[in-house]
J.: 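Could you have a look at this structure, given as structure tokens, before my questions?
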Amino acid sequence: MSISDNIYNLRKSLPIGVELIAVSKTKPIQVLDEAYQAGQRHFGENKVQEMVQKYEAMPKDIFWHMIGHLQSNKVKYMASFVHLIHGVDNTSLLEEINKQGRKHDRVIDCLLQIKIAQEETKFGLEPEAALAILQSQEYKNFKFVRITGLMGMATFTTDTAQIQKEFELLKSTFDQFRSLDSRIETLSMGMSGDFKIAIDCGSNLVRVGSLIFGERN
Ligand SMILES: *Cc1c(COP(=O)(O)O)cnc(C)c1O
């Protein structure tokens, strides 16, 4: 199957209202271009430098998603063009995004990353800590950064009941956030191995890499 077939088949299987991010990290420009030719416009990268290079090389109607863990000192390189930053998990990062947004006179949209997996290595906030950020006076003072939803990664396991439980926790947190802030609209959950479960649990943004582009090295 070609990349365009993979994208076509995936899009066909997604319910209306669920957006697909093609996670293109580590893949060369020619490969992204094939996805672009197939109509794909949302791309996800996890390293700022790699995303900047691809942004410069690719057409300008692409929506670039930063899905990786982000260091504050890298925000400036992508502040002029990034569409959505998924992995925000502390206030100082929000503060830096706000600062860079001000420099470019644009409001930068972000998702708070919630820790739902059991693994120790996964980044993210406890739901209570994320709520504290959303409701903080500090965040309310930031005019150039906007929290528009939540992101999470389930445990890497074949236990689908476990994955479902974690996604359900994220969805209920999302519903709570949405009831408190009308700007909350995006729930980023689901990858190649678990996007169907994620959609059943209420995801409206899936991040799919290997299922489109093949395994990464
Ligand atoms: C790499 C990555 C993905 C895509 O993973 P696949 O299993 O290849 O679909 C999704 N989300 C995040 C945060 C990633 O780092």
Side-chain angles (χ1 to χ4, degrees), residues 1-11 13-14 18-28 31-32 34-35 38 40-54 62-71 74-75 78 82-90 93 109-125 130 148-160 162-164 166-167 169-171 173-174 186-217:
M1 292 270 260
S2 68
I3 288 168
S4 49
D5 287 338
N6 294 342
I7 287 176
Y8 180 74
N9 289 331
L10 248 170
R11 298 203 81 93
S13 78
L14 297 180
V18 178
E19 188 60 67
L20 170 67
I21 300 174
V23 176
S24 50
K25 60 191 185 195
T26 77
K27 300 294 173 184
V31 166
L32 275 73
E34 201 176 329
Q40 184 63 31
R41 290 297 178 271
H42 290 261
F43 288 84
E45 292 285 335
N46 69 341
K47 295 208 167 66
V48 174
Q49 200 168 347
E50 188 176 337
M51 188 170 82
V52 169
Q53 283 168 358
K54 288 172 175 174
I62 289 175
F63 301 100
W64 293 98
H65 295 255
M66 175 42 60
I67 63 170
H69 192 253
L70 184 60
Q71 289 170 305
K74 301 280 174 65
V75 175
M78 61 175 183
V82 68
H83 175 64
L84 184 62
I85 301 176
H86 290 232
V88 175
D89 65 359
N90 64 79
L93 186 53
D109 288 347
C110 292
L111 307 179
L112 293 179
Q113 183 170 354
I114 307 295
K115 182 176 160 54
I116 53 171
Q118 288 174 324
E119 292 131 354
E120 277 308 313
T121 55
K122 298 265 159 76
F123 296 100
L125 294 153
T148 58
L150 302 179
M151 177 265 204
M153 289 165 86
T155 304
F156 188 70
T157 174
T158 52
D159 181 353
T160 55
Q162 174 69 26
I163 295 170
Q164 187 179 336
E166 292 171 2
F167 284 154
L169 168 70
L170 187 52
K171 172 62 159 65
T173 306
F174 174 72
T186 301
L187 181 55
S188 168
M189 61 182 194
M191 311 173 26
S192 291
D194 57 21
F195 76 93
K196 290 195 177 112
I197 305 173
I199 289 169
D200 287 344
C201 292
S203 170
N204 57 25
L205 187 59
V206 293
R207 312 176 308 269
V208 179
S210 44
L211 213 57
I212 295 173
F213 298 115
E215 291 301 323
R216 290 175 296 274
N217 295 323

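Read the numbers this way: they start at 1 and go in the same order the structure lists the ligands and their atoms.
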J.: Got the residues with a heavy atom under 4.0 Å of ligand 1, by chain and number?
T.: Val23, Lys25, Ile67, Met151, Met153, Met191, Ser192, Arg207, Val208, Gly209, Ser210, Arg216

J.: Answer yes when Glu34 and Lys27 have at least one side-chain N-carboxylate O distance shorter than 4.0 Å, and no when they do not.
T.: no

J.: Identify, with sequence neighbours excluded, every residue that meets salt bridge (charged side-chain N to carboxylate O under 4.0 Å, His left out) alongside Lys171.
T.: Asp175

J.: Salt bridge between Glu50 and Lys25, side-chain N to carboxylate O under 4.0 Å?
T.: no

J.: Under a 4.5 Å cut-off applied to non-hydrogen side-chain atoms, are Met153 and Arg207 in contact?
T.: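 Met153 reaches Arg207 side chain to side chain.
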
J.: What's the shortest heavy-atom distance between Ala154 and Ala117, and which atoms?
T.: C-CB, 3.8 Å

J.: If only side-chain N and O atoms count, and only distance matters, is there a donor-acceptor pair under 3.5 Å linking His83 with His65?
T.: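 Note: His65 and His83 side chains miss the donor-acceptor criterion.
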
